[in-house]
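What follows is a single structure, written as structure tokens, with notes after it.
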Amino acid sequence: MKRRDDGSPRHSRPSAPVPATGKRTVGRRCRTSPRAHYPGVVTIRLYDTSARQIRDFAPLTPGCVSIYLCGATVQAAPHIGHIRSGLNFDIMRRWFTHRGYDVTFIRNVTDIDDKIIAKSHDQGRPWWSIGYENERAFNDGYQALGCLPPTYEPRATGHVPEMIEMMRGLIERGHAYESEGNVYFDVRSFPEYLQLSNQELDNLLQPSADGETGKRDQRDFALWKSVKPGEPSWETPWGRGRPGWHLECSAMAHKYLGTVFDIHGGGLDLIFPHHENEIAQAKAFGDEFARYWVHNAWVTMAGEKMSKSLGNSVLVSEMVKQWRPIVLRYYLGTPHYRSMIEYSEEALREAESAFARIEGFVQRVVEKAGGVVEPAAEVPPAFADAMDDDLGVPQALAIVHTTVRQGNSALAADDKEAAVARLAEVRAMLGVLGLDPLDARWAGEENRGEDLHGVVDSLVRLVLDQRESARARKDWGTADAIRDQLAQSGLSVEDGPQGPRWTLGPR
């Protein structure tokens, strides 16, 4: 096995050739999606943090969308706040695709930074071992909650040559300098600095780490950090060291999306310093960089941002043991992406009940139809309008629930045709949100006991037979008591023309 200069194995994914400055050599040929079934003018509007307003989205290339999302920093396993960002942008990507766009979606992995190195020292483990373990945990979390895989998922450590190229260009242009083995960005050389976060340079407190010595101005930020004993390092023209966090994303966005792309996304906490510094590096290098900046809000506990350091995080790996992943997706994905989510068990139970109403309707219509009902080719116009307006998922979800109610009314009236039509619409809408319970992605989810389902069904049927006997002899008290006992066990019983049926109900 080939090894890095610091002795760790070369486990980074293969990188495409380094592009010439300003050239895009990595990425798929943009093509209009075969699902482009909206022939009229499609106007999607997004809140652009840099403009501080909602703007009409106009892609660089008609029919194509390029998105860069700041992904995981893999110093620890993900909590639900981490996964929310990936989920929000998964919904964005799905909506663009549904509207007929070909989407190139880049989500990076930061596999080297101060926190990972600190964990390595504390745990006595190689830094790359910690990073890889947690990268897998993140991918497990994304997959569990139904996020589509990115077009490319580059690791920072696989792109040091691109970072060196960018630093060289910044030094040549007078925007960066070397000092004591470090390379810093000169913030005063870039007049547009702090426009995204709307701060004043004179009041700026730039976060700095140990060893960042030799700055001309304490507000300058590190592009490259000089080697320290026991830390990973790479060779550069300015000495051995490792990259600064901000430089990594600018270099990877340039490589995979070129000098200009459509949308840059991430959490609100990244606006400063990370995204502000990304902009400074990229634009000073000569890139136009991102044309829209979209930021998702946090998951909070007691009003505080969910964070490992605050001890208030809820790990995804633990949550999926307690809650169905599709319910977690509903809980995290259905609030507006710019709204805070205050975590609570009660809110999760409400999400579970709301999704159970949708799922119950889907199951009843499938039984009534005697087979699978395919999704409609188009979503209802009101749903599309809500999604076009800054990804208004709460308003779009209201259309889903209204359609479910209409479908239930059709079932009550024994109008099979209308019920099937409403289910086709519901499946189309849920598909866009990644919440269609009939999608193959979720087909195996019920197997938190699929092998035991037949056993449980047989046992429940014995109890339901006793209930039916009680009903036959008009012993309503016993019948109701049996139903109530099943409900306390987490089972919902519903009487229908073909007899009683049971489902797992809200806990």
Side-chain angles (χ1 to χ4, degrees), residues 49-50 52 68 70-71 73 75 108 110-119 156 160 163-164 166-228 231 233 236 238-239 241-254 264-287 289-290 293 295 298 304-305 307-310:
T49 304
S50 61
R52 295 171 184 79
Y68 185 94
C70 283
T73 299
Q75 86 272 11
N108 78 292
T110 298
D111 60 341
I112 183 70
D113 86 330
D114 295 337
K115 294 179 181 178
I116 295 172
I117 293 171
K119 286 279 181 71
V160 171
M163 299 177 207
I164 292 173
M166 184 165 278
M167 283 190 288
R168 182 182 289 112
L170 290 170
I171 291 172
E172 290 173 352
R173 292 167 174 80
H175 293 291
Y177 58 94
E178 183 274 336
S179 180
E180 301 179 17
N182 300 297
V183 180
Y184 296 109
F185 186 91
D186 180 357
V187 297
R188 289 193 175 275
S189 73
F190 185 67
E192 299 175 38
Y193 191 58
L194 300 180
Q195 286 190 3
L196 180 68
S197 56
N198 198 29
Q199 299 184 74
E200 295 291 336
L201 184 60
D202 290 341
N203 300 326
L204 179 66
L205 295 175
Q206 184 80 256
S208 293
D210 292 340
E212 293 187 12
T213 59
K215 288 185 179 182
R216 296 174 184 171
D217 187 316
Q218 286 306 305
R219 290 164 293 193
D220 295 344
F221 61 87
L223 302 173
W224 192 259
K225 302 184 180 185
S226 62
V227 64
K228 300 179 185 64
E231 290 190 354
S233 64
T236 75
W238 312 284
R242 60 183 175 87
W245 173 33
H246 316 300
L247 179 66
E248 298 170 353
C249 282
S250 295
M252 287 185 284
H254 176 92
H264 195 311
L268 283 174
D269 52 319
L270 298 182
I271 294 175
F272 181 84
H274 187 48
H275 289 167
E276 195 72 77
N277 291 352
E278 274 191 71
I279 292 171
Q281 294 161 159
K283 290 194 171 184
F285 182 66
D287 290 358
F289 211 47
W293 287 86
H295 292 92
W298 303 328
E304 294 284 344
K305 173 178 175 280
S307 167
K308 289 281 287 185
S309 61
L310 294 177

>> Quick check for you: to the nearest 0.5 Å, what is the distance between Asp220 atom CG and Ser189 atom OG?
In response: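 Here the interatomic distance stands at 8.0 Å.
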
>> Working to the nearest 0.5 angstrom, can you tell me the gap between Cys249 SG and His254 NE2?
In response: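 Here the interatomic distance stands at 14.5 Å.
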
>> Quick check on side-chain hydrogen bond (donor to acceptor under 3.5 Å, both in side chains): which of His274, Gln281, Glu278 does His246 satisfy it with?
In response: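 Between His246 and the candidates, side-chain hydrogen bond (donor to acceptor under 3.5 Å, both in side chains) is satisfied uniquely by His274.
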
>> Show, in sequence, the C-alpha distance, side-chain angles and deciding distance for Ile112 and Glu231, and conclude whether the side-chain contact (heavy atoms from CB on, under 4.5 Å) test is met.
In response: CA-CA 10 Å; Ile112 183 70; Glu231 290 190 354; over 6 Å; no

> Looking at residues at least two apart in the chain, or sitting in another chain, which of them share a side chain to side chain contact (heavy atoms under 4.5 Å, CB included) with Ser197?
Replying inline: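 Ser197: side chain to side chain contact (heavy atoms under 4.5 Å, CB included) contacts with Leu194, Gln199, Ile271, Phe272, Glu276.
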
>> List the residues meeting side chain to side chain contact (heavy atoms under 4.5 Å, CB included) with Ala176, not counting sequence neighbours, and say none if there are none.
In response: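 If we apply the side chain to side chain contact (heavy atoms under 4.5 Å, CB included) test to Ala176, skipping adjacent residues, the hits are Leu170, Ile171, Val183, Leu223.
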
With a 4.5 Å cut-off on side-chain heavy atoms, are [Y] and [X] touching?
X	Y	result
Arg216	Arg188	no
Tyr193	Ile279	no
Asp217	Gln206	no

Which atom pair, heavy atoms only, marks the closest approach of [X] to [Y]?
X	Y	value
Ala222	Tyr184	CA-CD2, 3.7 Å
Ala282	Phe289	CB-CD1, 3.3 Å
Gly71	Asn108	N-OD1, 2.8 Å
Leu247	Met163	CD2-CB, 3.6 Å
Asn182	Thr213	ND2-O, 3.3 Å
Gly169	Phe285	CA-CE1, 4.0 Å

>> side-chain contact (heavy atoms from CB on, under 4.5 Å) for Asn198 and Arg52? Distances and angles first, verdict last.
In response: CA-CA 10 Å; Asn198 198 29; Arg52 295 171 184 79; 2.8 Å; yes

> Checking Ser179 side chain against Gly214 main chain: does a donor-acceptor pair fall under 3.5 Å?
Replying inline: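 Answer holds: yes.
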
>> The test is salt bridge (charged side-chain N to carboxylate O under 4.0 Å, His left out); show your working for Asp186 and Arg173 and say whether it passes.
In response: CA-CA 11 Å; Asp186 180 357; Arg173 292 167 174 80; over 6 Å; no

Salt bridge (charged side-chain N to carboxylate O under 4.0 Å, His left out) partners for [X], two or more places apart:
X	answer
Lys225	Asp114, Glu212
Glu178	none
Lys228	none
Asp269	Lys305

>> For Phe190 and Gln195: C-alpha separation, side-chain torsions, deciding distance, then whether side-chain contact (heavy atoms from CB on, under 4.5 Å) applies.
In response: CA-CA 11 Å; Phe190 185 67; Gln195 286 190 3; over 6 Å; no

Relative to the ring of [Y], is the ring of [X] parallel (under 30°), tilted (30 to 60°) or perpendicular (over 60°)?
X	Y	result
Trp293	His295	parallel
Phe185	His175	parallel
His264	Tyr68	tilted

>> Tell me whether Asp113 is salt-bridged to Lys115, with the criterion being a basic N under 4.0 Å from an acidic carboxylate O.
In response: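 Salt bridge: no.
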
